[in-house]
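No hydrogens, no waters, no symmetry mates; every other heavy atom, side chains included, goes into these values.
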Amino acid sequence: MPTNFRIAVQTDDLRLYHKLLRIFEGSHLKPRFFTPNQTIPSQYFDLIITTEELIDNLQEPPILQLKSAQVQPNLKARIISIIARKSDPKFKLLIVGIDPGEHIGLAAICDGMVLAAETIKLTKLTKKIEEYLILFPSEIVVIRIGDQPTSVSRVLFNKLFTVFGNIDKIKLEIVEEAYSSIRKVTPAVPFSSDETAAITIAYRTGKIKNHLVRSNIPIGRIKEIQKWSRNLSNNRITLDTELAQSVALGEISLEEAIIRKEKQLEAKKNE
């Protein structure tokens, strides 16, 4: 399956088109704009997004009718799911294992085979899982998140549930990392400790969650991120609580938060 999907957007609602462009920014999904009176060469596209019923009622490619207000954070995952169903799945089961922590361990296991393992930043997690859905189209997808540390695990779960939770073929589970029956993982190639932990989590069975879980960011987590900001900036910058919370939630990276804080301090200095 190609990783650069071709999407046609046929609408006179430019607000909708610009919203879609923002969602697809930095993604493998590449939209091309068509006005309502233009003919779409449908054989060259994997999906058509439109605000109106198409007169010729095309069966291929799939058609997604949208309004501007329906462009929500989970739309990109939904679109990937629609396109992935167009081709016969390569695998029966894709399991994504996630090890929470300062660095996120991530692994993809397809029908029992470890096909990917990497260490990423929290801000890149959603995009990377979307890539796995494209690269490894499967009949069923299970996302398993380790439960330790709890504050990070629950934030991760809620972040991913918001994006993937309403897709029928995707299930999200929280895995007890202290579970007594731990499968020994001996990968054929060397992985980092975070990646190995993600593989181990993927092989365990967790508890399925069909709703957001209660989460809060403890003061210890905030102080930890503030300490990282001092270390990374050579003791020049300490993030305030609001910016540290944004980092903890995966809304911005630690580096981006430091840049924002520097700009805030510079602006105050110039007042």
Worksheet item: Tell me, which pairs form a ring pair (Phe, Tyr, Trp, His ring centres under 6.0 Å) where one or both residues lie in residues 92-133, sequence neighbours left out?
Response: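 Qualifying pairs, neighbours excluded: Tyr132-Phe136.
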Taking all heavy atoms of [X] and all of [Y], pick out the closest pair and write down the distance.
| X | Y | answer |
| --- | --- | --- |
| Leu21 | Pro31 | CD2-CG, 3.7 Å |
| Ile48 | Ser42 | CD1-CB, 4.5 Å |
| Leu115 | Phe91 | CD1-CZ, 3.6 Å |

Atom [atom1] of [X] with >12 non-hydrogen neighbours under 6.0 angstrom:
| X | atom1 | value |
| --- | --- | --- |
| Arg230 | CZ | yes |
| Glu242 | CD | no |
| Asn231 | CG | yes |

Worksheet item: Is there a donor-acceptor contact under 3.5 Å linking the side chains of Lys92 and Ser138?
Response: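 Short answer, no.
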Fill in: Any side-chain donor near an acceptor of the partner, Thr119 and Ser192, under 3.5 Å
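Present: a donor and an acceptor within the cut-off.
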Worksheet item: For Val247, what are the other residues in its hydrophobic cluster, where any two members join if their side-chain heavy atoms are less than 4.5 angstrom apart?
Response: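 Grouped by the 4.5 Å side-chain rule, Ile225, Trp228, Leu232, Ile237, Leu239, Leu243, Ile252, Leu254, Ile258, Leu265 form the rest of the cluster around Val247.
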Item to complete: List the steps, then state whether salt bridge (Lys or Arg N to Asp or Glu O under 4.0 Å) holds for Glu176 with Arg204.
Response: CA-CA 9 Å; Glu176 294 182 24; Arg204 302 180 195 167; over 6 Å; no
Worksheet item: Do Leu20 and Phe33 share a hydrophobic cluster, counting only Ile, Leu, Val, Met, Phe, Trp and Tyr and linking them when any side-chain heavy atoms are less than 4.5 Å apart?
Response: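 Leu20 and Phe33: one cluster.
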Discussion item. Distance check, rounded to the nearest 0.5 Å: Glu130 atom CD versus Leu125 atom CG?
Written reply: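 Taking CD in Glu130 and CG in Leu125, the distance rounds to 10.0 Å.
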Practice prompt. Tell me, please, which residues at least two apart from Lys124 pass salt bridge (Lys or Arg N to Asp or Glu O under 4.0 Å).
Written response: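 For Lys124, no residue satisfies salt bridge (Lys or Arg N to Asp or Glu O under 4.0 Å) once neighbours in sequence are set aside.
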Student check: side-chain heavy atoms of [X] and [Y] closer than 4.5 Å:
| X | Y | result |
| --- | --- | --- |
| Val96 | Val142 | no |
| Thr35 | Asp12 | no |
| Ile145 | Pro100 | yes |
| Glu266 | Lys263 | no |

Measure from the side-chain N and O atoms of [X] to the backbone N and O of [Y], and report whether any donor-acceptor pair falls under 3.5 Å.
| X | Y | answer |
| --- | --- | --- |
| Thr162 | Asn158 | yes |
| Asp99 | Ala197 | no |
| Arg144 | Glu173 | no |

Worksheet item: Do you know which of Ile98, Thr123, Asp194 makes side-chain contact (heavy atoms from CB on, under 4.5 Å) with Ile104?
Response: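 Answer after filtering Ile98, Thr123, Asp194: Ile98.
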Discussion item. If you apply the rule salt bridge (Lys or Arg N to Asp or Glu O under 4.0 Å), what do you find for Glu224 with Arg221, and how did you get there?
Written reply: CA-CA 5 Å; Glu224 182 181 42; Arg221 176 69 172 162; 3.1 Å; yes
Discussion item. Please confirm whether the ring centroid of Phe34 lies under 6.0 Å from the ring centroid of Phe45.
Written reply: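 Yes.
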